[in-house]
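I have placed the structure first, in the form of structure tokens, so that the comments after it can refer back to it.
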Amino acid sequence: MPPSPCALCHTNRALILRPKDHSKLCRQCFLTTFETEIHHTITSTSLFTRGEKIAIGASGGKDSTVLASVLKTLNERYDYGVELVLLSIDEGIKGYRDDSLETVKRNAQQYGMELTILGYDELYGWTMDQVVEQVGKKGNCTYCGVFRRQALDRGAARLGVRHVVTGHNADDVAETVVLRGDLPRLSRTTSIVTSTPSILTTHTNIKRSKPLKYAYEKEIVLYAHHKQLDYFSTECIYSPEAFRGSARALIKNLERVRPSAILDVVRSGEDMAKLVPGSDEGCGGTCSSSVPVAEEEEGGCGNANANGRTAGGEMASIEQHLAQSEVAAEHNLEVEVTTSSVNGAQNGSVPFTSGKKGRKNKAQPVPLRKLPKQVMGQCKICGYLSSQEVCKACMLLDGLNKNRPRNTIELGYEGQKKDQSINGVASGIEKLAVNGV
Amino acid sequence: MAASKEDDTISITVEFSGGLEMLFSNERKLPLSIPAKDDTGARTNVAYLVNYLCENAMKDPKKELFVLDGTVRPGILVLINDADWELEGEEKYEVQEGDNILFVSTLHGG
């Protein structure tokens, strides 16, 4: 094939075929176009505010590395006036996270950003290596996902940051849309912004956003390649090759057949999400009828193992939401909800029931059914936002800690891991004290 | 490099990144000398190269992580001299002396 010229500058040789529109671009035009589109996403959704301090959830992988690089570029080019810092979570997985954290440390220097690393051991008293030692390699992704979700929020609170950006890309969002049948989550998955009211600093919302949500994974990898970014890529040793036979494979196959399919799925997800009453899209994520997002967002590590697995009790919450939807249907509320702006972040807190005041008042002889809906509360152990008495992380930790003394005594006989057995004994004592009261 | 080359082989560089190198004994860069023509006498193309890599360079038995249904697994990008292989004719691209062919996985996480 004869080399084609770039569709934009018409001079350089095209090296990139864009998946979304099949345009052929040269290296420089591609890099600029990619950056400009992210800029457009940021400005059209008013994602950032001047003076804001923003933590980039950084893993050292391609997505977060590209995110950090692009945000630094855009912040300088368009003078957003935001302060960018890196926040990394150390799950405590030897041979995986310790290597990728080295990449993050280099990135911190390359981009001149402050870096904070927060470890699971520090937060929860358990590293993932220790968790796997105890629970085995099945189900450990659940622990990791639940722990990570809180860890980013806690890290942000510690840094005094109220906005965390993550590197979720269009493929991630599309995968989750395909994977997740339940509507409430669809909204959080597709919404560019979600917020987690945090208890760590009272009355503070920690906003989460994904500026790369319309960016193809392919283009992210190409951007990293053509900009020669330093990123780390490997599989987590506890969920190797999770992409096999997964929704991820489906997405990639779709892309091969029709590259625009990924964005189509993302858009469909957004459209469907708008039909869900009480969703983030509908009410800006802060109204009381929305289920707290604290524990329920994406699995985090972006693989099918973690995403596909769902904890018990979830069916119940789906049912609750279906019930909520039915009620909404009775009151003809969908229309109002769907017409609300996509720009969820700016909608303020309008409860969905107030969407159509006039109609609501005259056509409601029956008072609103008391719904068994989830209410935001606080975990009675750690204080983290939770719809249950005890948050998922504390439930998982409780299970781990209950088993620890027995486990550590065995280890103690072998004379290993002294520090671990001390921890175990300590938590055992706490348990006894509680029981004794 | 053309000076010492035999007529029936071509020298190229194959690179792996994005986690794909793990399937190739962690080699990120592989200088290769491959036959200039395949068994039928046709000039060596990328399809031939991919098959050649599976048989000669890949120690890892998990071939399906590289090749699926007879072609490069969806989610793996192929860059021929830094250009997307879709611009070059994909598998039908005839490999030239001195080519740099890069396989990048987008499937691996960080």
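Computed over heavy atoms, backbone and side chain alike; hydrogens, waters and symmetry mates excluded. Throughout, a chain's letter reflects where its sequence line sits, starting with A, and its residues are numbered from 1.
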>> Sub-4.5 Å heavy-atom contacts with chain B: which residues of residues 215-226 of chain A show up?
In response: E217(A), K218(A), V221(A), L222(A), H225(A), H226(A)
>> Considering only residues two or more places apart or on different chains, which pairs with a residue in residues 21-37 of chain B satisfy side-chain hydrogen bond (donor to acceptor under 3.5 Å, both in side chains)?
In response: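 Residue pairs passing side-chain hydrogen bond (donor to acceptor under 3.5 Å, both in side chains), neighbours aside: E21(B)-R28(B).
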> side chain to side chain contact (heavy atoms under 4.5 Å, CB included) with R13(A): which residues, sequence neighbours excluded?
Replying inline: P3(A), L15(A), A83(B), E88(B)
>> Which residues pass the side chain to side chain contact (heavy atoms under 4.5 Å, CB included) test with D98(A), not counting sequence neighbours?
In response: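 Expected list: K94(A).
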>> Consider side-chain contact (heavy atoms from CB on, under 4.5 Å). Of L254(A), N253(A), V257(A), which one does P74(B) pass it with?
In response: N253(A)
>> Does any backbone or side-chain atom of L79(B) lie under 4.5 Å from a heavy atom of chain A? Answer side chain, backbone, both or neither.
In response: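 Just the side chain, heavy atoms under 4.5 Å.
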>> Does any backbone or side-chain atom of L102(B) lie under 4.5 Å from a heavy atom of chain A? Answer side chain, backbone, both or neither.
In response: side chain
> Under a 4.5 Å heavy-atom cut-off, does chain B meet the side chain of L17(A), its backbone, both or neither?
Replying inline: both
> Do other residues, nucleotides or ligands put more than 12 heavy atoms under 6.0 Å from K63(B) NZ?
Replying inline: yes
Distance, nearest 0.5 Å, that separates [atom1] of [X] from [atom2] of [Y]:
X	Y	atom1	atom2	answer
R256(A)	T71(B)	CZ	OG1	5.0 Å
L107(B)	S233(A)	CG	OG	11.0 Å
K24(A)	E86(B)	NZ	CD	10.5 Å

> Given T106(B), which of K252(A), E255(A), R248(A), K62(A) fulfils the side-chain hydrogen bond (donor to acceptor under 3.5 Å, both in side chains) condition?
Replying inline: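 Result for side-chain hydrogen bond (donor to acceptor under 3.5 Å, both in side chains) with T106(B): K252(A).
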